[in-house]
Amino acid sequence: MKKLPLIICLISFSLLSGLSMQTFAKEDELEASYAQTAAHYTNYKDCIKLYKLPYEKLFYLALSSVNGSKYELLEMQSRNGYIIFKADNKEFLISVFKKDKNSTFIKITPCDNSYYFSPQIPQKIFNYIVAHYNNEVKELKF
């Protein structure tokens with residue numbers, strides 16, 4: 001008889017502790033999912049770079065970086081140096097500007113002018129350009 005209240009007490013303690021552990025696990029899951037879906041603010045200064053490359057080579061490297069990063073290419077104009085691509089359900093414009101004969105700017109701008117997006121998007125493009133900086137641009141003939 002004396003064991004019955006002790007057993008009931010142990011069972012209730014184990015059930016209550018199990019419920020509290022599940023509550024903590026669900027709170028952690030909610031925080032993790034919020035962190036994944038929350039948009040990050042990207043500073044516009046992190047979206048522009050100057051390279052010591054000729055204009056045409058930087059344009060082709062930017063175009064190649066969009067393809068290499070598995071972003072969806074929507075439109076491009078080689079004469080004006082514009083590339084529009086889609087990443088994370090958001091459209092971006094890459095502009096390539098000639099500073100002088102050997103220096104060129106590249107600027108990545110969101111098409112809706114809202115800088116609430118992952119800073120990894122421009123970083124992937126800039127890292128790709130740096131990684132392929134010395135590669136020769138060749139014309140493919142079919």
Under a single-linkage definition using a 4.5 Å side-chain heavy-atom cutoff for Ile, Leu, Val, Met, Phe, Trp and Tyr, are [X] and [Y] assigned to the same hydrophobic cluster?
X: Leu74; Y: Ile121; answer: no
X: Tyr71; Y: Tyr116; answer: yes
X: Tyr82; Y: Ile84; answer: yes
X: Met76; Y: Tyr128; answer: no
X: Val66; Y: Tyr60; answer: yes

Compare every heavy atom of [Y] with every heavy atom of [X], then report the nearest pair and how far apart it is.
X: Thr104; Y: Pro54; value: OG1-C, 3.5 Å
X: Tyr115; Y: Cys47; value: CE2-SG, 4.2 Å
X: Tyr55; Y: Arg79; value: OH-O, 3.5 Å
X: Leu50; Y: Ser103; value: CD1-CB, 4.0 Å
X: His132; Y: Asn135; value: CD2-ND2, 3.0 Å
X: His40; Y: Pro119; value: CB-CD, 3.9 Å

Aromatic ring pairing Phe92/Phe117, orientation class (parallel under 30°, perpendicular over 60°, tilted between): perpendicular

Flag yes if more than 12 heavy atoms outside [X] fall under 6.0 Å of its [atom1] atom; otherwise flag no.
X: Lys57; atom1: NZ; result: yes
X: Asn43; atom1: CG; result: yes
X: Gln123; atom1: CD; result: yes
X: Tyr44; atom1: OH; result: no
X: Lys98; atom1: NZ; result: no
X: Asp88; atom1: CG; result: no

Distance in Å, Ile83 CD1 paired with Ile106 CD1, rounded so as to fall on 0.5 Å steps: 6.5 Å

Gap separating the CD1 atom of Ile125 from the CG atom of Leu63, nearest 0.5 angstrom: 10.5 Å

Check: Phe59 and Ile94 side chains under 4.5 Å, non-hydrogen atoms: no

Student check: side-chain heavy atoms of Pro122 and Asp46 closer than 4.5 Å: no

Quick one: does any side-chain atom of [X] pair with a main-chain N or O of [Y] as donor and acceptor, under 3.5 Å?
X: Lys90; Y: Asp112; value: no
X: Tyr133; Y: Lys52; value: yes
X: Ser64; Y: Leu61; value: no
X: Lys124; Y: Gly68; value: no

